[in-house]
Amino acid sequence: MNQRSITDAEQAYRRLGVAPIINASGSVTRLGGSRTRPEVLEQMAGTARVMVNIDQLNEKAGEEIARLTGAEAGLVTSGAAGGLLLQAAACIAGNDPVKMHRLPDTDGMKNEIVMQTMHRFPYDHAYRAAGAKIVEIGDYLFSHPWQLEGAINERTAAVAYLCAPFTSKRVLPLAQVCEIAHAHDVPVIVDAASMLPPRANLHRYLRDGADMVIYSGGKGVRGPQGTGILCGRADLIAAARANASPAQFIGRGMKVAKEEVVGLVTALAMFVDEDEEAEMAYYHRLAQRVVDSLAKVPNLNITLEHDGIDYLIPNAVLRLGGGWPGPSAAQVAAALQQGDPPIYLQQLRAPDELMVDPLNLTEGETDEVIRRLRQALRT
């Protein structure tokens, strides 16, 4: 049994039979997302006890999102996945109550969403939940402009685009996709759930021509874990809001509580105003500590990576392939997860790679990760 002190908050989980963990995997939803800002939690605790008109709250919060992102309009959604569904609903049904009432039955409507094959991912299920039919273009290696041109027809509701770490660099660039789609009067919807920070990405995709962009509110922004930030064209955001809770259409089941709306706006404003250079310096220091502490392990290839594209913040990357004589990456990961407390590393890239992402690590937890990695690498 690890002898570190157990807080009251941890004890609340333990009473349910749930073991608190050390999350060295980044802002992974299945591992709790990220640590919500204390100021946000304080704001939520107070606003939860005040009654307001939710339609008015959604509208005014959207105006604040627009101001902070430079978009025409915004909306707080139930996570990024909830935002994907509302993107699809807005493009398929608009704010036509007859069509909205029919969703997800989209027969006879513009219901096709075009995606590059290299952008297919588990969360595009949210598009299909709204009644969209996914039309793939390209293959696992290439997409060509003529393929996008050929896929757009009278049934096309939107073109979807995924922005995420470790996706293929061979896809058609977003600006070119927007140029082709807009020539046919078709909107482009972007999933950039995990792309904050850097803060420049709050404006990048809209500047490239995207019509709607969704970000997670509970990852790098460190807002309420069940929220998302949808921003973009005013008419499409208005249609997304019409399909969303508290209206009784397809988005009704993805309710966002009033305190979560306020918490998200608070978190986003704090995120925008923060010193990104200082933030990155902190993450760099933690990741570098891991690299320096394990650099003398014989035959271990460990480096610090940070490029703002795949490695959005500094990460310590362990490569356990090639001439590495010790346990496999899977064995090391399993050993850390089976300890007390369980430690989860990031395994997003190659099968023989492990990453220590410091987004959710404290100083003490970083030391524990190092200690446990040393043990696991020797076994």
Side-chain angles (χ1 to χ4, degrees), residues 58-59 61-96 99-100 103 109-116 119 121 123-132 134 148 152 156-164 173-182 184-196 201-217 221 227-245 249-251 254 256 264 268:
N58 286 340
E59 180 181 353
E63 291 175 2
E64 183 68 0
I65 289 173
R67 183 184 71 82
L68 293 167
T69 63
E72 292 180 6
L75 176 67
V76 181
T77 68
S78 58
L84 295 180
L85 183 143
L86 291 176
Q87 283 181 339
C91 292
I92 293 170
N95 55 12
D96 180 337
K99 293 180 178 178
M100 292 159 59
L103 295 184
M109 302 184 198
K110 288 186 176 184
N111 63 0
E112 293 182 356
I113 292 182
V114 180
M115 293 184 71
Q116 299 178 71
H119 277 176
F121 68 133
Y123 298 101
D124 63 36
H125 186 279
Y127 292 141
R128 292 184 283 123
I134 304 297
L148 178 56
I152 295 174
T156 305
V159 177
Y161 200 95
L162 172 64
C163 296
L174 176 59
Q176 186 177 20
V177 168
C178 292
E179 182 180 358
I180 293 171
H182 291 166
H184 296 274
D185 198 27
V186 170
V188 177
I189 54 180
V190 171
D191 178 2
S194 59
M195 297 304 286
L196 298 175
N201 284 346
L202 274 175
H203 313 281
R204 172 184 173 186
Y205 311 117
L206 294 171
R207 188 174 59 245
D208 283 347
D211 298 281
M212 283 195 289
V213 183
I214 186 68
Y215 304 95
S216 173
V221 175
T227 60
I229 304 160
L230 184 61
C231 57
R233 236 171 66 187
D235 60 326
L236 289 174
I237 296 297
R241 188 166 63 241
N243 280 275
S245 179
F249 294 105
I250 196 164
M254 289 163 287
V256 184
L264 182 279
L268 183 58

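Note: hydrogens, waters and symmetry copies are ignored here, and every other heavy atom, side chains too, is used. Note that the structure is a prediction, hence the values are computed from the model and not measured.
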State, to 0.1 Å, how close [X] and [Y] come at their nearest heavy-atom pair, and which atoms those are.
X    : Y    : result
H203 : Y215 : N-OH, 4.4 Å
I134 : Y127 : CD1-CB, 4.2 Å
G228 : I214 : C-CD1, 4.2 Å
G251 : L86  : CA-CD2, 4.3 Å
G131 : N111 : O-CB, 4.0 Å
A160 : I113 : CB-CG2, 3.6 Å

Sub-4.5 Å side-chain heavy-atom contact between [X] and [Y]:
X    : Y    : result
I229 : L68  : no
V188 : D208 : no
L75  : I65  : no
C91  : M212 : yes

Going through the checks in order, is the side-chain contact (heavy atoms from CB on, under 4.5 Å) test met by V177 and Q116? CA-CA 10 Å; V177 168; Q116 299 178 71; 3.9 Å; yes

Rounded to the nearest 0.5 Å, what separation is found between the [atom1] atom of [X] and the [atom2] atom of [Y]?
X    : Y    : atom1 : atom2 : result
I237 : N58  : CD1   : CG    : 12.0 Å
L148 : H184 : CG    : NE2   : 7.5 Å
R241 : N95  : CZ    : CG    : 10.0 Å
E64  : L268 : CD    : CG    : 8.0 Å
C163 : H119 : SG    : NE2   : 6.5 Å

State whether the side chain of [X] and the backbone N or O of [Y] hold a donor-acceptor pair below 3.5 Å, judged by distance alone.
X    : Y    : answer
T156 : A158 : no
D124 : F121 : yes
N201 : M195 : yes
D211 : I189 : no
Q87  : V190 : yes
N243 : G94  : yes

Is the number of heavy atoms from other residues, nucleotides or ligands under 6.0 Å of E179 CD greater than 12? no

Within a 6.0 Å radius of atom CZ on R204, are there more than 12 heavy atoms belonging to other residues, nucleotides or ligands? no

